[in-house]
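What follows is a single structure, written as structure tokens, with notes after it.
Everything numeric here is computed off the predicted structure, so don't read it as measured data. Atoms within a ligand are numbered from 1 in the order they appear, just like the ligands themselves.
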Amino acid sequence: MARGNQESMSSATHPDYRPGLEGVIGGITKIAEINSASATLTYRGINVHELAEKSTYEETAYLLINGRLPTAHEFEHYKRTLAHERPIPESVSNILKLIPRNIHPMDALKVAYSALAAYDPDYAAAPTDHAANVRKAERIIAKAATIVAAHWRICEGKEPISPDPELDTAANFLYMLSGERADEETVKVMDASLILYAEHTFNASTFANRVTVATLSDLYSGIVTGIGTLKGPLHGGANEEAMRMLLEIGTPENAEPWLRSALAGKKKVMGFGHREYKNGDSRAAYLTKMAKKVAEKKGVPKWVEIGDIMTKIMVEEKNIHPNVDFPAAYAYYMLGIPIDLYTPIFVIARVAGWSAHAIEQLDNNRLIRPTCIYDGRSGVPYVPMADR
Ligand SMILES: CC(C)(COP(=O)(O)OP(=O)(O)OC[C@H]1O[C@@H](n2cnc3c(N)ncnc32)[C@H](O)[C@@H]1OP(=O)(O)O)[C@@H](O)C(=O)NCCC(=O)NCCS
């Protein structure tokens, strides 16, 4: 149904109906909170900026799953567990070698997690077994970067590189892509972006993930659902589309005419706008600052300059602010990350949020099944095939 019809039906006959479920409360969570008015995001009550500044992706993942920061002893143990769980079974690596090489890495991630479910030692555990779900979450979180890097290298005609047990997620991902250890600043930008991408309440992929596990399915099925939902350009796929748009714009001089023409043509500008933030995305502000530092260090100011021009016009003309995917796009580009990996990097981070939500859902489960408005024909007789 066209959106216009949805809206007229909404106001005329069904005042409670909200197209796109805008503003509808889909559940209760203790994992994260978005405050739209102040443009702040907290994970388990801690401001995400503070986490990006002081924490690591691993510690943030522990916080999301377990509800509190780990002690030093707990964190050492957690890091050892993740290091142990990072390698993927050779058969899963072989599956990645067998599938067509021209598919998007997001589709390879769906294949890999579907296969990994079968190798999980807790495969037969009950879907509501909390301890087993926490162990599954550790395996899911540990393996994401390994899958993405292995698939990328296979597509490049190279052998996958085994994870280095000494490195954390961000550093390991960069190492498994190239075979070389990245410098500290590059790792810090990658790590902070993973923290910022790790969780975001009832966004489309997290909601879809909760719907899946709420049927008493399993965590891996929820992850596969999440990946499929994140792939689209209105959600996680926006970071790749934003970079392609910036490349098309090409120069700061072209930013304003390009954008004005796009707006006149009612084009969606990728990396701008958000259902929950109308005063700006807290994560975007933080990542823009980081991207500016990268631009200075690398002596490549143009993406930031284009970004600033676009931001100013979008806010002035439409009151629409950049979301996290906009600075993420040009930050990753300046770090030399291939564009097709931007949304998979989002997955490397978001598996923590998805797992935390799946566990929260299954700890206190009720089937998620909304209702709908029927707007089709009624009383239609069945016409036999020969009479049609
Ligand atoms: C994120 C997004 C899907 C939110 O969608 P939403 O809450 O349903 O908001 P709508 O698409 O209904 O947008 C409301 C209005 O703002 C406009 N708008 C929203 N985002 C826009 C954008 N990025 N570029 C241009 N116009 C935009 C819409 O065209 C619409 O205008 P209209 O009322 O004149 O038709 C939307 O902002 C978007 O498509 N952004 C680009 C993709 C993106 O960056 N996604 C990542 C999100 S983290």
Side-chain angles (χ1 to χ4, degrees), residues 1-11 17-26 32 34 36 39-41 48 106 193-208 226-246 248-249 255-256 258-288 291 306-307 309-333 339 342-347 349-350 353-354:
M1 184 197 288
R3 191 175 148 188
N5 288 347
Q6 290 195 3
E7 276 171 359
S8 60
M9 174 177 284
S10 154
S11 52
Y17 170 51
R18 299 279 177 270
L21 301 186
E22 181 166 3
V24 172
I25 296 169
I34 295 171
S36 306
T40 49
L41 169 66
V48 75
M106 290 295 278
S193 76
L194 294 181
I195 293 171
L196 296 169
Y197 265 142
E199 158 59 10
H200 211 218
T201 76
F202 271 49
N203 56 84
S205 58
T206 302
F207 185 62
I227 296 166
T229 313
L230 189 73
K231 183 183 164 193
L234 296 187
H235 193 6
N239 55 12
E240 295 182 10
E241 291 307 314
M243 195 60 228
R244 292 192 181 100
M245 172 188 77
L246 288 168
E248 188 188 317
I249 295 169
E256 180 163 0
W258 187 96
L259 182 56
R260 292 205 185 276
S261 151
L263 292 179
K266 299 261 172 232
K267 249 192 181 179
K268 276 275 175 87
V269 183
M270 289 295 134
F272 281 83
H274 201 279
R275 177 66 68 76
E276 289 290 295
Y277 296 110
K278 299 303 174 198
N279 298 322
D281 176 338
S282 61
R283 304 163 301 169
Y286 191 92
L287 208 50
T288 303
I306 297 175
I309 294 168
M310 293 181 76
T311 301
K312 187 167 177 287
I313 297 171
M314 284 297 280
V315 173
E316 275 172 10
E317 300 283 316
K318 309 268 295 177
N319 195 26
I320 296 176
H321 296 256
N323 59 55
V324 67
D325 293 318
F326 192 58
Y330 55 84
Y332 292 154
Y333 192 79
I339 297 174
Y342 297 1
T343 317
I345 292 172
F346 198 151
V347 173
R350 189 55 64 85
W354 289 334

Practice task
Examine Phe272 against ligand 1 and note whether any of their N/O atoms are separated by less than 3.5 Å.
Solution key: yes

Exercise for the section: Could you list which atoms of ligand 1 come closer than 4.0 Å to a heavy atom of Asp325? Expected result: 46 (C), 48 (S)

Exercise for the section: Quickly, which of Phe272, Tyr332, Tyr333 forms a ring pair (Phe, Tyr, Trp, His ring centres under 6.0 Å) with Phe326? Name it, please. Expected result: Phe272

Exercise for the section: Without swapping roles, check the side chain of Arg283 against the backbone of Leu41 for a donor-acceptor pair under 3.5 Å. Expected result: no

Handout entry: Short side-chain to backbone donor-acceptor contact, Asp281 and Val324, under 3.5 Å
Key = yes

Completion exercise
A student checking ligand 1 against Lys267 at a 4.0 Å heavy-atom cut-off should list atoms 25 (C)

Problem - Any Pro233 heavy atom less than 4.0 Å from ligand 1 - result: yes

Handout entry: Close N or O approach (Leu234, ligand 1; < 3.5 Å)
Key = yes

Completion exercise
For Met314, the atoms of ligand 1 under 4.0 Å from one of its heavy atoms are 24 (N)

Fill in the blank from the handout: Across all chains, not counting sequence neighbours, the ring-ring contact (aromatic ring centres under 6.0 Å, His included) partners of Tyr277 are His200, His274

Exercise for the section: State whether the side chain of Asn239 and the backbone N or O of Tyr342 hold a donor-acceptor pair below 3.5 Å, judged by distance alone. Expected result: yes

Exercise for the section: If a pair satisfies salt bridge (charged side-chain N to carboxylate O under 4.0 Å, His left out) and one of its residues is in residues 309-333, list it, with sequence neighbours excluded. Expected result: Arg260-Glu317, Lys312-Glu316

Problem - Polar atom proximity, Asn323 to ligand 1 (N or O, under 3.5 Å) - result: yes

Problem - Within-shell test, Lys266 vs ligand 1, heavy atom, strictly < 4.0 Å - result: no

Handout entry: Steps toward side chain to side chain contact (heavy atoms under 4.5 Å, CB included) verdict (His321, Val315)
Key = CA-CA 6 Å; His321 296 256; Val315 173; 3.8 Å; yes

Handout entry: Within reach of ligand 1, part of Ile320 (heavy-atom separation under 4.0 Å)
Key = side chain

Exercise for the section: Give the atoms of ligand 1, by number and element, whose distance to some non-hydrogen atom of Ala238 is under 4.0 Å. Expected result: 43 (C), 44 (O), 45 (N), 46 (C)

Practice task
Would you check if the side chain of Glu256 reaches a backbone N or O of Ile309 as a donor-acceptor pair within less than 3.5 Å?
Solution key: no

Handout entry: Within-shell test, Glu22 vs ligand 1, heavy atom, strictly < 4.0 Å
Key = no

Problem - Atoms of ligand 1 close to His235 [distance to a heavy atom under 4.0 angstrom, numbered from 1] - result: 46 (C)

Handout entry: Mutual orientation of the aromatic rings belonging to Phe202 and Phe207 [parallel < 30°, tilted 30-60°, perpendicular > 60°]
Key = tilted

Problem - Ligand-residue contact atoms, ligand 1 with His274, heavy atoms, under 4.0 Å - result: 37 (O), 48 (S)

Practice task
State if Gly271 counts as touching ligand 1 under the rule of any non-hydrogen atom under 4.0 Å.
Solution key: yes

Problem - Closest to atom 23 (N) of ligand 1 (judged by heavy-atom distance), picking from Leu263, Val269, Leu259 - result: Val269

Handout entry: Flag, side chain of Ser36 to backbone of Glu276, donor-acceptor distance under 3.5 Å
Key = yes

